[in-house]
Amino acid sequence: MGVSAASILNRLLSRKNLTARSEFTDANAATSTILRYLEEGRLGKAVLILFNSPFPFPHTLYTRLFQLCSSTRALVEARKVESHLATFCPTPPIFLLNRAIEAYGKCGCLKDARELFDEMPQRDGGSWNAMITAYTQNGYALEALNLYLDLNKSGVYATEVTLASILRSCGSVLALHFSRQIHGHIVKCGFVGNVILESSLVDVYGKCRLMNDARSMFDEIQNRNDVSWNVIVRRYLEVGNGKEAVSMFFQMFRESLMPSSFTFSNALIACSRMAALIEGGQIHGIVVKVGLEENEVISSSLIDMYVKCGTLANAHQVFTQPSSRNLISWTSMVYAYATSGDVLKARELFNEMPERNVISWNAMLAGYIHSSQWEEALEFVHLMRSSIKDIDRTTLCLILNVCTGSSDVERGKQVHGFVYRTGFYANLYIGNALLDMYGKCGNLKSAKVWFYQMSQWRDKVSWNALLTAHARHGMSEQAMTIFSEMQLETDPNNFTFATLLGACANMFALEHGKQIHGFMVRNNYAIDIVLTGALVDMYCKCRELKYALKVFEHVASRDVVLWNSIILGCCHNRRDMLAIKLFQLMTMEEGIKPDHVTFQGILLACLHENLVELGRKYFDSMSEKFCVIPRLEHYECMVELYGQHGNMDELEKFINNMPFDPTVPMLERIFNACREHGHSRLAEWVAIRLNEQNFPK
DNA sequence: ATAGGGTTAG
């Protein structure tokens with residue numbers, strides 16, 4: 001090891017003694033001047049006086065100096081203070097050297113800290129703690145743990161302070177076994193009741209994702225404080241148990257403790273992830289009540305919570321308060337509009353932003369992709385490239401999504417090249433986006449080659465992407481093979497099953513479909529509402545309505561999408577009266593609001609059964625009763641229904657009241673109906689229109 | 001004298 005910085009200063013200092021004339025000749029005057037500077041926070045001045053005074057100072061002054069060096073992270077000054085101490089105080093007390101170690105640690109200079117620690121003629125427990133803490137606080141967890149082992153070997157007893165520091169290091173490297181030993185040690189040494197140690201244990205177990213251990217430790221803490229609660233809420237959030245995170249947040253109030261701003265935002269993130277609007281709103285209420293609405297982080301979290309719950313109006317309300325307008329919340333709002341389909345509004349907001357970063361740009365880009373505006377997306381990418389220097393892996397994934405959406409394999413290959421050159425290729429997200437691009441664009445060969453190249457680091461998502469590629473291109477047989485290969489490497493998830501079932505439905509592959517269904521049941525997969533829909537679709541498409549109904553009946557809750565699946569499935573299997581019956585069950589008994597897809601099914605059923613009266617009744621009920629604006633396909637269905645039934649007067653009235661011009665297929669259908677059932681006035685009207693279509697003026 | 005959690009956007 002070379003000459004230390006401190007010792008150089010040291011020599012400098014002793015030479016200076018001989019030549020420089022100090023302003024102060026007595027320690028008392030110098031001390032009070034230094035103290036004055038310290039009080040004013042002028043560390044540099046204080047150290048200058050110290051350095052120019054060739055005599056020792058009281059220990060308390062050195063303490064104060066080291067403390068200020070620590071809090072302001074002033075490394076050079078810390079070295080000067082240490083040299084002065086070493087020069088004029090031949091045997092400095094251990095506690096002062098400990099303060100020096102601490103200062104070096106706070107300055108991030110582990111080398112100086114360790115050098116001093118190693119060179120100390122004598123150490124006390126505080127020296128070990130200062131050094132261990134220095135390692136811990138600078139992220140050198142393994143060094144901290146090693147030093148703890150040395151401490152044990154040297155016969156020094158670890159104190160509560162030591163253990164707190166060590167537990168923090170354990171947490172950062174997930175040293176579970178070590179932590180359990182420390183836990184035992186804490187119990188053995190009678191440190192139970194120390195809330196810091198116990199909260200740290202909760203923290204370590206939580207970081208190791210052992211929430212049962214974390215929770216039972218938490219429950220044992222007698223005098224929990226806000227940090228203890230923050231830890232448990234945060235760890236529940238991190239393991240994906242948002243429900244428990246939020247529940248714990250509310251339980252905190254029973255102990256009359258006030259959550260810190262960290263805990264507020266952690267609880268709000270949990271609400272965001274679960275789209276728990278009610279709980280989120282309650283937390284908002286508390287935020288207002290305790291006067292934290294102006295807190296920038298909390299209001300940003302509130303905005304994002306409302307955004308993720310899909311209540312843009314609420315989000316906007318919070319966003320209007322000036323204190324909540326920052327880069328982050330602004331980006332949340334852009335993202336909200338961008339992904340809710342209002343790209344124009346998003347862009348407007350984006351243009352108004354006082355500052356933007358790559359995340360804001362990505363949020364806007366995601367909007368164009370969300371609404372399949374590939375041209376606009378590409379244009380935006382160009383603008384982005386000329387406006388900001390850095391793009392990141394998310395940008396690259398988004399650009400790949402644009403290639404996927406617009407089936408632009410050529411551009412996708414260019415991105416692949418860029419990704420390769422810039423070293424982004426080893427990123428799993430990008431790797432999977434590339435795979436998805438090749439797969440969905442139908443370049444299955446490239447997809448397979450890339451998938452093979454990813455073999456060392458691919459994951460479940462990669463397998464699902466490969467599966468989707470084959471399923472989408474009608475290769476359900478190969479998809480089934482991939483499914484069995486996949487199981488050698490990873491477990492399938494709901495996405496896998498939904499993809500496979502979709503493939504089976506498209507191929508009418510009932511046997512494969514049944515196999516998948518059986519697999520899910522045998523392996524106890526939770527069949528959620530999406531998978532139920534996929535099963536219903538598959539059985540309906542494969543003409544096994546019996547099974548579809550069975551699946552449908554056994555599900556706990558049904559949303560409108562699931563009802564639509566079964567209703568359309570009934571129509572598909574020509575069980576139209578059943579479809580109508582199910583519609584009544586859905587609207588009357590379960591109180592589910594039908595949407596435009598539901599009515600497509602219902603009108604189709606009426607058409608199949610030639611129920612013109614009922615069809616009209618349902619059509620009218622759409623806007624009158626259910627607030628569903630009829631779309632083109634509904635009008636088409638009605639035209640078909642009237643035409644088929646020969647209600648020519650009604651058809652004429654209907655077509656005249658239509659809010660948009662009839663399409664050519666519609667006109668042709670009407671014309672044929674006129675020919676069949678006879679209605680010269682309508683026939684003439686249609687003929688003129690058709691003629692206009694063929695020979696525009 | 002020395003110790004724990006550390007929050008917001010794609």
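Convention: sequence-line order gives letters A, B, ...; per-chain numbering from 1.
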**Study point:** Those residues that, when tested against A:E296, pass side chain to side chain donor-acceptor pair (under 3.5 Å) (two or more places apart)
**Key:** A:N326
Under 3.5 Å, which donor-acceptor pairs do the side chains of residues 89-98 of chain A form with other protein atoms, sequence neighbours left out?
unit_1 : atom_1 : unit_2 : atom_2 : d
A:N98  : OD1    : A:S127 : OG     : 2.8
A:N98  : ND2    : A:D124 : OD1    : 2.9

Review point. Below 6.0 angstrom between ring centroids: does that apply to A:W330 and A:F350?
Key: no
Check your understanding: Who are the side chain to side chain donor-acceptor pair (under 3.5 Å) partners of A:K308, not counting sequence neighbours?
Key -> A:D304
Review point. Looking at residues at least two apart in the chain, or sitting in another chain, which of them share a salt bridge (charged side-chain N to carboxylate O under 4.0 Å, His left out) with A:D213?
Key: A:R180
Point to revise | DNA chain B contacts among residues 380-402 of chain A, heavy-atom distance under 4.0 Å | key: A:D392, A:T394
Exercise for review: Return yes if the base of B:dT8 and the side-chain atoms of A:S301 contain a donor-acceptor N/O pair under 3.5 Å, otherwise no.
Suggested key: no
Practice item. Check whether any side-chain N or O of A:Q67 sits under 4.0 Å from OP1 or OP2 of B:dT2, and answer yes or no. Key: no
Point to revise | Listed partners of A:D392 passing side chain to side chain donor-acceptor pair (under 3.5 Å), at least two apart | key: A:N362, A:T395
**Study point:** Proximity to the side chain of A:D203 - top-ranked nucleotide from B:dT8, B:dA9, B:dG5
**Key:** B:dG5
**Study point:** Contact under 4.0 Å: A:R235 side-chain N or O vs B:dG6 OP1/OP2
**Key:** yes
Point to revise | Residue list, side chain to side chain donor-acceptor pair (under 3.5 Å) with A:S199, at least two apart or on another chain | key: A:S228
Point to revise | Neighbour count >12 (heavy atoms, 6.0 Å) for atom CD, A:E255 | key: yes
Point to revise | Residues that A:D203 engages under salt bridge (charged side-chain N to carboxylate O under 4.0 Å, His left out), provided they are two or more places apart | key: A:K207, A:R235
Point to revise | salt bridge (charged side-chain N to carboxylate O under 4.0 Å, His left out) against A:R411, all qualifying residues, sequence neighbours excluded | key: A:D408
**Study point:** Proximal nucleotide (of B:dG4, B:dA3, B:dT7) relative to the A:V297 side chain
**Key:** B:dT7
Exercise for review: Please confirm whether any donor atom in the side chain of A:N129 sits under 3.5 Å from an acceptor in the base of B:dA3, or the reverse.
Suggested key: no
Point to revise | Interatomic distance, A:I283 CD1 vs B:dT8 C1' [rounded to whole Å] | key: 14 Å
Check your understanding: Has the side chain of A:S247 got a donor or acceptor atom that lies under 3.5 Å from a matching backbone atom of A:K243?
Key -> no
Exercise for review: May I ask you to verify whether the side chain of A:S199 and the base of B:dG4 hold a donor-acceptor pair under 3.5 Å?
Suggested key: yes
Practice item. Specify the separation, in whole Å, of atom CG of A:D304 and atom P of B:dT8. Key: 10 Å
Exercise for review: Figure out the CG/C1' separation between A:L201 and B:dA3, and round it to whole Å.
Suggested key: 13 Å
Exercise for review: Quickly work out the A:R273 CZ to B:dT8 C1' distance and round it to whole Å.
Suggested key: 11 Å
Review point. For A:F319 and B:dT8, what is the distance between atoms CZ and P respectively, to the nearest whole Å?
Key: 18 Å
Study note, to complete from the structure: Numerically ordered, the residues 216-227 of chain A set in heavy-atom contact under 4.0 Å with DNA chain B is A:N225, A:V227
Result block: side-chain N/O donor-acceptor pairs under 3.5 angstrom for residues 137-144 of chain A, not counting sequence neighbours:
unit_1 : atom_1 : unit_2 : atom_2 : d
A:N138 : ND2    : A:G105 : O      : 3.0
A:N138 : ND2    : A:A134 : O      : 2.7

Review point. Starting at CZ of A:R99 and ending at P of B:dT2, how long is that distance when rounded to a whole Å?
Key: 6 Å
Check your understanding: Under 3.5 Å, is there an N or O donor on one side and an acceptor on the other linking the side chain of A:N326 and the base of B:dA9?
Key -> no
Review point. Roughly, in whole Å, what's the span from CD1 in A:I132 to P in B:dG4?
Key: 12 Å
Review point. Which residues within residues 243-268 of chain A lie with some heavy atom under 4.0 Å of an atom in DNA chain B?
Key: A:S260, A:S261, A:F262, A:S265, A:N266
Check your understanding: When the distance from CD1 of A:I196 to C1' of B:dG4 is rounded to whole Å, what number comes out?
Key -> 6 Å
